[in-house]
Amino acid sequence: MEAVDTQNAFDQLNQEYQARRSKALAMGGQKKLDMRKAQGVLNARERIDRLVDKGSFIESGLFATSAVSEADRSRTPADGKVVGYARIKGREVAVVSNDFTVMGASSSATNGKKIGQMKRVATQRGLPLVFLGESSGARMPDTMGSRGMGSMLGNDPTQYQRMRETPWAGAVLGFCYGSSTWYTGFSDFSVMRKGAIMAVSSPKLVSLAIKEEINPEEIGGWKLHSETTGLIDMVVDTDDQALEAITKFLSYMPSHHNEAPPVHPVTPGSGEDMANIVNLLPPNRTQVYDVRKIIKTVVDKDSFLELKPRFGKVAVIGLARIDGRTVGVIANNPLHKGGALDTDACDKITGFIVMCDSFNIPLVLFVDTPGFIIGLDAERKRAPGKIMNFMSALSLVTVPKLSIILRKSYGQAYLNMGGGRNSDEVAAWPTAEVSFMNPHFAVQIVHGLEPGDEGFDEALAEMERNSSVYDIAGNYGIQNVILPHETRDYLIRVLEVHRLRLTNGVGQHLMRTWPTTF
């Protein structure tokens, strides 16, 4: 009889458990879920299912609800944020996925604790952290008034602290205001779906503040963030593509800052076009070309993941593999403005340098630049400060740095792109020319002669005489002159020489607290 009573009691507990679990998993209700499906947009749980290895997700806080309002407890399953641990390609990660069907995934006291737990475990146990963003901001009226502010905000002094212990990846997959925006800004990699919006506040609130209607795309659309602000690394068309991008990004990264990046098999066909690489570089130094073709020829086949391609186009940055090992690539791109560096490019490169050094990724620089863009606009955009930020970051790097000068390298940009002792090794193609400035400009400044003036050609020849690659190789200003087709083999060999053996591939992370956005 006692065994029967025990079984009956357990059956009742089990029924209650299953009912509560079903309610939590139902999210904001079937009607809201059906609306999303009709729009072709995944919900928070579907996003996790598509991202992680099948059967690997273990949820944290399934039975969490609003802690402020008694009335809200029954209509806040999981309190609007689905979080937990999973595996991506066999590697443990922590995941936060915002459930917009529950109060717009608004930030609350309870779901703030859930996010805090993911950040804490990821940091302490060395797990990458993924944020799948879509949220409406702070929950009203929970945060209104001094009581709301005192109970909800500022109670975790580490909430906005980023020490880069583990890689963070963020996706903008809908309307992102408040926390989703903050964590995307914090992330090492951010991807945005077209049609999604990321901003500090909603268009409605902005319209009320400035007394005029606001187009959401204008304050937070993909074009703004990929082309103007540079806050987004990649733009995609669908949720699935965003999740694939996160998976690919993480494949280049270590799980935490105290290990080297993973090594992958070399893609078949890698290096097969090296014999023809010289044909990608025009013989005329003023002729433009796309440096990305050279990068893709040198690195492992199909391994180049370009970041921020629409922002600061005079520079190219991205992750790649050389002989199966992750490298960070920085290059000047003469296709845009002749490869002259502007303030956007400085910001773009600086942020990338910080990320690579923080996660033990060696840097490879492909150099072809006439210098920095000068003029009133550049000065108004704080060019001196941007250039020195770039230079400061480069000087603090403790992972291997290798520079290849392809063609031009003039003035301060020579140093910013790794010239001198700002790289561990500097090599140059025979096509390279190194000088303080473009010889044509030097003649005009030093001699006051314009092209076509008597004596201009003689003065130009004088300025160019000591600019050849063999002059700088002669005083050991560079370590090697290499033929273009030797570049891949050279990098493989020298990267092996400079591998951080004494620390198992781990750098010193001198920039681990560098601001995450520019």
Side-chain angles (χ1 to χ4, degrees), residues 51-54 56-57 85-95 121-131 163-171 187-191 233-234 242-271 295-296 298-307 317-330 352-364 397-402 488 491-509 512:
L51 175 67
V52 307
D53 298 351
K54 187 174 180 180
S56 70
F57 181 61
Y85 316 106
R87 297 188 188 97
I88 296 178
K89 301 295 184 182
R91 184 164 56 170
E92 294 290 350
V93 299
V95 182
V121 173
T123 298
Q124 293 174 350
R125 305 300 181 222
L127 311 181
L129 182 54
V130 178
F131 296 95
M163 302 290 282
R164 293 186 179 86
E165 294 96 341
T166 68
W168 288 11
S187 293
D188 302 295
F189 173 75
S190 57
V191 58
D233 293 301
M234 184 181 295
L243 301 174
E244 290 169 7
I246 288 174
T247 300
K248 186 170 185 179
F249 168 76
L250 291 177
S251 74
Y252 295 88
M253 307 297 288
S255 290
H256 53 80
H257 67 161
N258 284 326
E259 69 177 17
V263 180
H264 288 251
V266 178
T267 316
S270 296
I295 295 168
K296 291 176 182 178
V298 172
V299 304
D300 292 0
K301 190 173 184 178
D302 299 326
S303 74
F304 183 53
L305 177 66
E306 186 176 1
L307 306 179
I317 62 170
L319 297 168
R321 295 186 184 93
I322 295 180
D323 201 33
R325 297 181 182 276
T326 301
V327 295
V329 175
I330 299 170
F352 185 66
I353 287 173
V354 171
M355 183 191 76
C356 288
D357 187 72
S358 296
F359 294 109
N360 313 311
I361 298 172
L363 292 170
V364 176
V397 165
T398 59
V399 296
K401 295 176 287 186
L402 308 178
R488 176 176 166 84
L491 287 172
I492 291 173
R493 185 70 185 90
V494 179
L495 282 167
E496 183 66 24
V497 168
H498 284 280
R499 193 188 301 175
L500 303 175
R501 291 177 178 79
L502 297 178
T503 56
N504 294 317
V506 177
Q508 297 176 45
H509 311 136
R512 62 198 298 253

Output the distance between atom [atom1] ([X]) and atom [atom2] ([Y]), rounded to the nearest 0.5 Å.
| X | Y | atom1 | atom2 | value |
| --- | --- | --- | --- | --- |
| Leu319 | Met253 | CG | CE | 6.5 Å |
| Arg321 | Ser251 | CZ | OG | 4.0 Å |
| Ile353 | Ile361 | CD1 | CD1 | 13.0 Å |
| Ser270 | Asp302 | OG | CG | 8.0 Å |

Test item: [X] side-chain N/O and [Y] main-chain N/O as donor-acceptor pair under 3.5 Å:
| X | Y | result |
| --- | --- | --- |
| Thr398 | Gln508 | yes |
| His509 | His257 | yes |
| Asp53 | Gly90 | yes |
| Tyr252 | Ser303 | yes |
| Asp300 | Gly324 | yes |
| Arg512 | Arg164 | no |

- Should Leu500 and Asn360 be marked as a side chain to side chain contact (heavy atoms under 4.5 Å, CB included) after you check the CA-CA gap, both sets of side-chain angles, and the distance that decides it? CA-CA 9 Å; Leu500 303 175; Asn360 313 311; 5.6 Å; no

- Under the side chain to side chain contact (heavy atoms under 4.5 Å, CB included) test, residues paired with Asp233 that sit two or more places apart: Phe189, Ser190, Leu307, Lys308

- Query: Looking at residues at least two apart in the chain, or sitting in another chain, which of them share a side chain to side chain contact (heavy atoms under 4.5 Å, CB included) with Ser255?
  - Reply: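 Result, side chain to side chain contact (heavy atoms under 4.5 Å, CB included) vs Ser255: Arg91, Pro128, Glu259.
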
- Task: Only one of Ile88, Leu129, Ile246 passes side chain to side chain contact (heavy atoms under 4.5 Å, CB included) with Val93; say which it is.
- Result: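 For Val93, the side chain to side chain contact (heavy atoms under 4.5 Å, CB included) test succeeds with only one of Ile88, Leu129, Ile246, which is Ile88.
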
- Item | side chain to side chain contact (heavy atoms under 4.5 Å, CB included) partner of Phe304, the single match among Val327, Val329, Val298 |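 Going through Val327, Val329, Val298 one by one, the side chain to side chain contact (heavy atoms under 4.5 Å, CB included) with Phe304 is satisfied by Val329 alone.
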
- Taking only Lys NZ, Arg NE, NH1 and NH2, and the carboxylate oxygens of Asp or Glu, determine whether Arg493 and Glu496 approach each other closer than 4.0 Å. no

- Message: Before you tell me yes or no, could you show the steps for Glu165 and Arg125 under salt bridge (charged side-chain N to carboxylate O under 4.0 Å, His left out), namely the whole-Å CA-CA distance, both residues' side-chain angles and the distance that decides it to 0.1 Å?
- Response: CA-CA 10 Å; Glu165 294 96 341; Arg125 305 300 181 222; over 6 Å; no

